[in-house]
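Take a look at the structure set out below.
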Amino acid sequence: MPSQSSPATPVPPGAPPVPVPPAHASAIDPEGVPFRRVSDRLTTLRLIERGLGGLVFLAAASLPLVLRLAGVWGGYPAWLAWALPSAVLATVLWVLALVPRQVRAIGYAERNDDLLVRHGIMFHRVMVVPYGRMQYVDVTMGPLERMLGLSSVHLHTASPGTNAVLCGVPAAEAARLREQLSARGEAKLAGL
Amino acid sequence: MSAAFTGGAFHTDSADSWHRVHPVSPLVRGWVAVAAVLFIFGRNALDSLFTGRPDGRGISAGAPPAVIAAVVGAAIVVFGTGFFLSWRFTRYQVTDEHVHINSGIIFRQQRRARIDRVQSIDVVQPLVARAFGLAELKFDVADGGKSAFRLSFLKLDEAKRLRAAILARAAGVAVDPDAPDQVTEAPEQHVLALSPGRIIGATVFSSLSIVALLVLSGAVALTAWSGEIGVFIGFVPVFIGVGASYWKAITGDYNFRVALSPDGVRLHYGMLETRAQTIPPGRVQAVGISQGPVWRPFGWYRVHVNVAGYGDDRSDHGNRTVLLPAGTLEEVMAVLALVFPDPGVDNPVDVFTAGLRGPGNRHGFVHSPRSARWIDPLAWRYNAYRATSTALLCRHGVIFRRLEVVPHERTQSLSLRQGPLMAALGLVDFELHSTAGPIKPVVHHVALDAGRRLFDDQAARAATARRIHSAEHWLATAPSATPDPQEQQHAN
């Protein structure tokens, strides 16, 4: 199993926002397709979201330790009380450390007949969604996303298996994408 | 499309002409409630009749006849009014483009279905409705099976005529004023029927029996261990449940017949509740043929289909996604030829047999590479795929064998997946997304290069096939009037 622990080449801070190929070209990407990356601000968004989620978990996992240190209840071994929050902390840090790489691995490409979406490094997925199969396109924006000027674009076909979400698309690009996809979908619409 | 016919043929409604369902229908739908009320009051009345006199306790002595009469009268009035209103407020209309159904007394519902989006139509006759000669017309539009449109109940003839009319319009048949008979119900052509022995045998030798045996042996073991017969009696409800499952499986599939009608494949089945299910050509999104280990000596296969609108239909009684509950290889091929007239190969029987039996690379199948044996020591030579000119075939499994067939023009989207272990072994999973249903086509553990090629080629094949088969109206594209799907797609 290839080691995935060390973060690869860091992105220079002043990198141009969108049309950069994903940092991790993988073996299953189709050849000769220039992928566009989503915004790097998605990294910030995910760090905040997952960091908050991690804090909640950490707080829950530290409860035995706190009870023990406070002397309220100590009916369990000390190593367990220490090991539980440490394990959770390590996991949270690991998850957070992976975020920048994961964000850089998200890419999409508009081809003539279809949209390609790729995700993930370790668990990698490439999906192709034909324009003629798109039933509708959702563009959503949560409060945090709004602050960062990002949107999520969700593509729906008649199949529940088509789970194509593009997170962290800059709002203007999302609007363009929505219009573009709808127009192409309309032009190539096929029956079921 | 002028639609003024005479002589029993169907004619579509203008915007302001509405029809009502049969007046008896609320009673047929609500008979369980009526029966429950009658049962409860009847039992109370009997109880008071027998127990009231001897001990002379309570209200039973003087009041009953009047009270009972009042209660029964009130029940009749309440049910009667409810039934009348429910009948009165249910109206339907079939125009050239749409089916409208309005229903509901307090919460009114007005539903409109586009006829050319109708995916399939069932004519269902529950036991009570059969006694009245009534039938329910039920049809799905492509919405993932959330809500079927129901017209309950109509006279059986009326339901059949309506079905023919809706299907003819969905097919895009331009109605010829000189030959209005075209829209009357076209004759069916018998394809095959399953004997009662087959249905019973298939149920007896199914996974249900394994469950039943496990339960039985568990009950016997526990009884022997505890030495008390009460333990065994405690299992009786479970036995009743298992028996009910057998009963449901056998009566549900009893009299299974497959026929071909001009408006699609028609399945007839059911012992008590009968159902005639019509799947128009081109509405089948994917076909799955499967065989468990117990069925192998008998050579039986089960055929499922994905049809947009059925969804994962298991809630409704009867499993509507089953195209053939238990068929031999010949029967499977016969049914496949109906829903999938052009397999895209010259020797379909050989190819499909290879697809159902495996292992190896015969007849153009490509199985997983050798490295897959670390993940899949048994099945790696069985997991295989083959693309014909019209469909992709995916083969799976050693013990539970499965073949999934997806026509290229029905592919929704595709994906490739790879986890770390598969990356180390140079493998990739290939997924095809079909509409909601029992079949989720996937090819496991393809060699990396082959998987990437498959991904690109399949996307291209699907795009080409979509351009050719873009018509919603499946007959409108065929210039010849012969509505035989066998004839339509011999473009090879």
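To find a chain, count down the sequence lines: A is the first, B the second, and so on, and within it residues start at 1. Being a predicted model, the structure only gives us computed values, none of them experimental.
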Pair count under 4.5 Å, heavy atoms only, with chain B: among V117(A), L116(A), T162(A), D114(A), highest is T162(A)
Answer key: most heavy-atom pairs under 4.5 Å with chain B among S159(A), G161(A), P130(A) is S159(A)
**Message:** Does R466(B) form a salt bridge (charged side-chain N to carboxylate O under 4.0 Å, His left out) with D113(A)? I'd like the steps, not just the answer.
**Reply:** CA-CA 11 Å; R466(B) 264 199 311 279; D113(A) 278 329; 5.6 Å; no
Sequence neighbours excluded, the answer for salt bridge (Lys or Arg N to Asp or Glu O under 4.0 Å) partners of E145(A) is none
Taken in chain and number order and not counting sequence neighbours, the residues that satisfy salt bridge (Lys or Arg N to Asp or Glu O under 4.0 Å) with E110(A) are R176(A)
Surrounding CD of E49(A) (heavy atoms of other residues, nucleotides or ligands, distance under 6.0 Å), is the total greater than 12?
yes
By residue number, those in residues 60-70 of chain A with heavy atoms under 4.5 Å from heavy atoms of chain B are none
Determine all donor-acceptor pairs shorter than 3.5 Å in which one atom belongs to a side chain in residues 442-450 of chain B; sequence neighbours excluded.
| unit_1 | atom_1 | unit_2 | atom_2 | d |
| --- | --- | --- | --- | --- |
| H445(B) | ND1 | D376(B) | OD2 | 3.3 |

Margin query: Would you say Q458(B) and Y385(B) are linked by a side-chain donor-acceptor pair, where the criterion is simply a distance under 3.5 Å?
Written below: no
Ring-plane angle category for H156(A) and Y136(A), please: parallel below 30°, perpendicular beyond 60°, tilted otherwise. parallel
Could you tell me whether the side chain of Q418(B) and the main chain of L427(B) form a donor-acceptor pair under 3.5 Å?
yes
Applying a strict 4.5 Å limit to non-hydrogen atoms, the region of L155(A) in contact with chain B is neither
Highest number of heavy-atom pairs under 4.5 Å with chain A among A460(B), S434(B), A462(B) belongs to S434(B)
